[in-house]
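Everything on this sheet refers to the single structure shown next.
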Amino acid sequence: MKRSISLLMLLIAMAIGASVTSCRETKESKAEEAVEEIKDGAEEVGDDIEDAADDVGDEIEDMTDDH
């Protein structure tokens with residue numbers, strides 16, 4: 001009887017451990033995906049800022065060339 005209870009408790013502990021581990025992996029993968037999305041968004045914003053700066057530079061050159 002004691003052996004059955006011990007085996008049952010061991011089985012329950014293993015099941016809980018497996019569920020916590022898989023849940024943690026899911027959270028980690030979601031966090032990694034979120035970080036990648038933020039990086040991509042930041043790169044896009046940086047590209048937009050660079051393009052806008054180039055446009056402003058071109059406009060300034062055009063204005064100074066005219067006068």
Side-chain angles (χ1 to χ4, degrees):
M1 184 72 171
K2 287 184 181 181
R3 191 173 238 178
S4 298
I5 292 173
S6 296
L7 288 174
L8 180 62
M9 294 299 286
L10 180 62
L11 181 62
I12 291 172
M14 287 174 54
I16 290 172
S19 67
V20 168
T21 302
S22 67
C23 183
R24 184 178 305 143
E25 289 175 8
T26 301
K27 289 179 183 177
E28 288 176 3
S29 65
K30 286 183 181 178
E32 289 173 358
E33 289 175 11
V35 168
E36 287 299 321
E37 288 178 13
I38 290 171
K39 282 182 181 179
D40 292 343
E43 287 180 17
E44 289 179 21
V45 168
D47 291 343
D48 290 345
I49 291 172
E50 187 175 351
D51 292 343
D54 288 342
D55 291 344
V56 169
D58 292 343
E59 289 292 323
I60 291 173
E61 286 179 12
D62 289 345
M63 291 175 68
T64 55
D65 288 345
D66 291 342
H67 296 307

Worksheet item: With sequence neighbours left out, what residues match I12 under side-chain contact (heavy atoms from CB on, under 4.5 Å)?
Response: L8, I16

Worksheet entry | Linked hydrophobic residues, I38 as query - side chain contacts closer than 4.5 Å |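 Cluster partners of I38: none, it stands alone.
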
Worksheet item: Should side-chain heavy atoms under 4.5 Å link Ile, Leu, Val, Met, Phe, Trp and Tyr, which residues sit in the same cluster as I49?
Response: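 ILVMFWY cluster around I49 also holds V45.
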
Worksheet item: Hey, which of E33, E32, K39 is the one that makes side-chain contact (heavy atoms from CB on, under 4.5 Å) with E36?
Response: K39

Worksheet item: Roughly how far, to the nearest 0.5 Å, is the CG atom of L11 from the CG atom of L7?
Response: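 The distance works out to 8.5 Å.
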
Item to complete: Kindly compute the distance separating CE (M63) from CD1 (I60), expressed to the nearest 0.5 Å.
Response: 8.0 Å

